[in-house]
Amino acid sequence: ITLSRNNFSCFPSGGPAQFATAFAINMDHNRIRSIPVGIFSAAKSLTKLNLRDNEITALYPQDVATWVSLVELDMASNQLKMLPPEIEHLQQLEVLRLSYNCLRRLPTEIGKLKSLRVLDLEYNQLEFLPDSISSLDELQDLNLISNRLTTLPRTMGLLAKLKMIKVGENEIREIPPEIGLSRIEP
């Protein structure tokens with residue numbers, strides 16, 4: 001289902017039934033302010049949710065916990081201030097895009113996303129990363145450009161599959177030797 005660039009300020013009427021058979025929902029580039037509680041509850045096969053470039057300020061924990069079939073979640077360019085701990089339930093998630101939001105911290109539960117390959121956190125307000133980030137065994141690409149980071153957790157050196165870390169435009173003074181400079185892109 002693609003409803004991109006339609007100037008929606010809220011979800012279309014019809015409730016959860018309208019998304020029951022959807023595999024992918026693209027509602028990017030609208031003016032949506034919130035996701036109605038339970039709107040994707042009937043979408044048991046939903047693997048891709050794109051709500052990029054809207055005005056969403058929060059993800060409701062009770063909803064996020066039900067999005068268990070998601071493989072890709074794009075919430076970039078919204079106004080999210082926090083990521084709920086219930087993100088841990090998205091065990092199939094491989095791509096998480098949260099760039100251009102207002103995130104100050106990540107929940108430690110982010111480390112439970114065992115399938116995550118791409119984590120895009122560019123242009124947020126992150127001051128540190130939880131040590132649990134080192135539990136993302138499948139992580140290959142980590143974008144942290146333009147945050148407020150001063151250091152990276154030494155434990156990130158344990159991420160054997162991590163190919164690229166983008167950390168330009170932060171306040172990092174030193175890269176822990178455990179991480180290795182070969183994976184860092186400015």
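Residue numbers start at 1 and run along the sequence shown.
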Is there a path of hydrophobic side-chain contacts, each under 4.5 Å between heavy atoms of I/L/V/M/F/W/Y residues, joining F8 to L59? yes

Do L152 and L144 make a side-chain contact, defined as non-hydrogen atoms from C-beta onward lying under 4.5 Å apart? yes

Roughly how far, to the nearest 0.5 Å, is the NZ atom of K163 from the CG atom of D141? 9.5 Å

Can you pull out every side-chain hydrogen bond (donor to acceptor under 3.5 Å, both in side chains) where at least one residue sits in residues 92-103? Sequence neighbours excluded, please. E94-R117

Is the closest side-chain heavy-atom distance between R173 and T150 below 4.5 Å? yes

Measure the spacing between NE2 of H29 and CG of N54 and express it to the nearest 0.5 Å. 9.0 Å

Below 4.5 Å, heavy atoms only, C-beta onward: do I110 and L96 meet side chain to side chain? yes

To check you understand the geometry: which heavy-atom pair defines the closest contact between L103 and L121, and what is its length? CD1-CD2, 4.2 Å

Taking all non-hydrogen atoms of both residues, which atom of F11 and which atom of I39 are closest, and how far apart? CD2-CG1, 4.0 Å

State which residues pass side-chain contact (heavy atoms from CB on, under 4.5 Å) with S41; sequence neighbours excluded, sorted by chain then number. P16

Using modelled atom types only, decide if a donor and an acceptor are shared between the side chain of S45 and the backbone of F23 within a distance under 3.5 Å. no

Give, for atom CG of L142 and atom CE of M164, the distance between the pair rounded to the nearest 0.5 Å. 11.0 Å

Write down the atom of Y60, the atom of S34, and the distance for their closest heavy-atom approach. OH-CB, 4.2 Å

Any side-chain hydrogen bond (donor to acceptor under 3.5 Å, both in side chains) involving residues 126-140? Give me the pairs, sequence neighbours left out, ordered by first then second residue. S134-T155, E138-K161

When rounded to the nearest 0.5 angstrom, what distance separates CD1 in I175 from CZ in R154? 11.0 Å

Just how far is it from atom OG of S77 to atom CD of E122, taken to the nearest 0.5 Å? 9.5 Å

Quick one: pull up CD1 in I179 and CD1 in I165 and give me the separation to the nearest 0.5 Å. 5.0 Å

Report yes if some heavy atom in the side chain of S115 is under 4.5 Å from a heavy atom in the side chain of Q91; otherwise report no. no

Just jot down the side-chain contact (heavy atoms from CB on, under 4.5 Å) partners of I1, sequence neighbours excluded, or say none. L3, F19, A22

Could you tell me which non-hydrogen atom of L119 sits nearest to which non-hydrogen atom of I133, and how far apart they are? CD2-CD1, 4.0 Å

What side-chain hydrogen bond (donor to acceptor under 3.5 Å, both in side chains) pairs are there with at least one residue in residues 7-24, not counting sequence neighbours? N7-R31

Is there side-chain contact between L93 and W67, with heavy atoms separated by less than 4.5 Å? no

Does V118 belong to the same Ile/Leu/Val/Met/Phe/Trp/Tyr cluster as I145, with side-chain heavy atoms less than 4.5 Å apart forming each link? no

Apply side-chain contact (heavy atoms from CB on, under 4.5 Å) to S4 and list each qualifying residue two or more places apart in sequence or on a separate chain. T2, N26, D28

With sequence neighbours left out, which residue pairs that include part of residues 3-23 fulfil the salt bridge (charged side-chain N to carboxylate O under 4.0 Å, His left out) condition? none

Can you give me the closest heavy-atom contact between M27 and P12, atom names plus distance? CE-CD, 3.7 Å

Kindly write out the residues that satisfy salt bridge (charged side-chain N to carboxylate O under 4.0 Å, His left out) with R104, not counting sequence neighbours, or none if the list is empty. none

Any chance you could pull the hydrophobic cluster mates of V71, using side-chain heavy atoms under 4.5 angstrom and chaining through other members? none

For D63, which residues count as a salt bridge (charged side-chain N to carboxylate O under 4.0 Å, His left out) partner, sequence neighbours excluded? none

Where at least one partner belongs to residues 35-59, residue pairs that pass salt bridge (charged side-chain N to carboxylate O under 4.0 Å, His left out), sequence neighbours excluded: R33-E55, R52-D74

Can you list, pair by pair, the side-chain donor-acceptor contacts under 3.5 Å of residues 79-90, counting residues two or more places apart and other chains?
residue	atom	partner	partner atom	Å
E88	OE1	K112	NZ	3.0

How far apart are the closest heavy atoms of N147 and L126, and which atoms are they? OD1-N, 3.0 Å

